[in-house]
Amino acid sequence: MKLTEIAVIAVIAAALSGCIANPVDQLVQGGAESLVEQALEGTSGADVDIDVSDGTDVGLPDGWPELPMPEGKVISAMRIDDSYSATILTTDEQTIEDTIAELNALGYAEVTTADLGGFKTVSVADEELTVLLSWFEDEENGGYSVSYSVVATQS
């Protein structure tokens, strides 16, 4: 995966999770998910699938790896080739910590951790996949907003 594709996933995930202003909300209300997909496919040549919630759980994209997930509602999800990202609303931080512990038990080793006050992030990896979880307390929704990304591990 190219660094630019990873950057696109990170920016879109941040926007969809509410970390930055979310212009996609307005586009989705107008039914523009497919336009965004087509634009990304046209510029990157990648196979893209984006789903954004209208208040319901959108589920995970086809092909999402069999990995532990925090309990909660998936409010956005996307796939770009073999890379995945989802934003999940969860009721408490413990479900996020449990997910990290489950990944560790499966052999995923911690690569990085950061606690920036209200924003936390942990990345774990094995030989095939790298998983990045970032989260913050989402007072508006009464829980936590979790960005969960999966990419191929770089050698």
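Below, all heavy atoms of this structure are taken into account, side chains as well, without hydrogens, waters or symmetry copies.
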* Asked: Rounded to the nearest 0.5 Å, how far does CD of E139 lie from OG of S145?
  -> 12.5 Å
* Contact summary for V111 and A125, nearest pair of heavy atoms -> CG2-CB, 3.8 Å
* Nearest heavy atoms of L67 and L103, plus distance in Å -> CD2-CD2, 4.0 Å
* Asked: If you measure only the distance, is there a donor-acceptor pair under 3.5 Å linking the side chains of S147 and S134?
  -> no
* Flag, side chain of D57 to backbone of V74, donor-acceptor distance under 3.5 Å -> yes
* What's the shortest heavy-atom distance between E71 and T95, and which atoms? -> N-OG1, 3.0 Å
* Report whether V146 and Y108 are members of the same hydrophobic cluster (ILVMFWY, side-chain heavy atoms less than 4.5 Å apart, transitive linking). => yes
* Which atom of P61 lies closest to which atom of Y84, heavy atoms considered -> CG-CD2, 4.1 Å
* **Any donor-acceptor N/O pair, S149 side chain to S85 backbone, under 3.5 Å** => no
* For E93, what residues pass the salt bridge (charged side-chain N to carboxylate O under 4.0 Å, His left out) criterion, not counting sequence neighbours? -> K120
* Asked: Between atom CE of M78 and atom CH2 of W64, what is the distance when rounded to the nearest 0.5 Å?
  -> 9.5 Å
* **Separation between CZ of F119 and CG of D115, rounded to the nearest 0.5 Å** => 10.5 Å
* Is there side-chain contact between N104 and E110, with heavy atoms separated by less than 4.5 Å? -> yes
* To the nearest 0.5 angstrom, please state how far the OG1 atom of T121 sits from the CH2 atom of W135. => 7.0 Å
* Asked: At their closest point, which heavy atom of G107 faces which heavy atom of D126, and how far apart are they?
  -> O-CB, 4.1 Å
* Asked: Do you reckon L132 sits in the same ILVMFWY cluster as F136, going by side-chain contacts under 4.5 Å, direct or chained?
  -> no
* **Test applied, side chain to side chain contact (heavy atoms under 4.5 Å, CB included); reference residue, P70; option that passes from T99, L89, D92** => T99
* Asked: Heavy-atom count around Q94 CD within 6.0 Å, excluding the residue itself: above 12?
  -> yes
* Asked: Shortest non-hydrogen contact from I88 to M69?
  -> CD1-CE, 3.5 Å
* To do: Determine, using the 4.5 Å side-chain heavy-atom cutoff (strictly less than), whether L106 and V122 are members of one ILVMFWY cluster.
  => yes
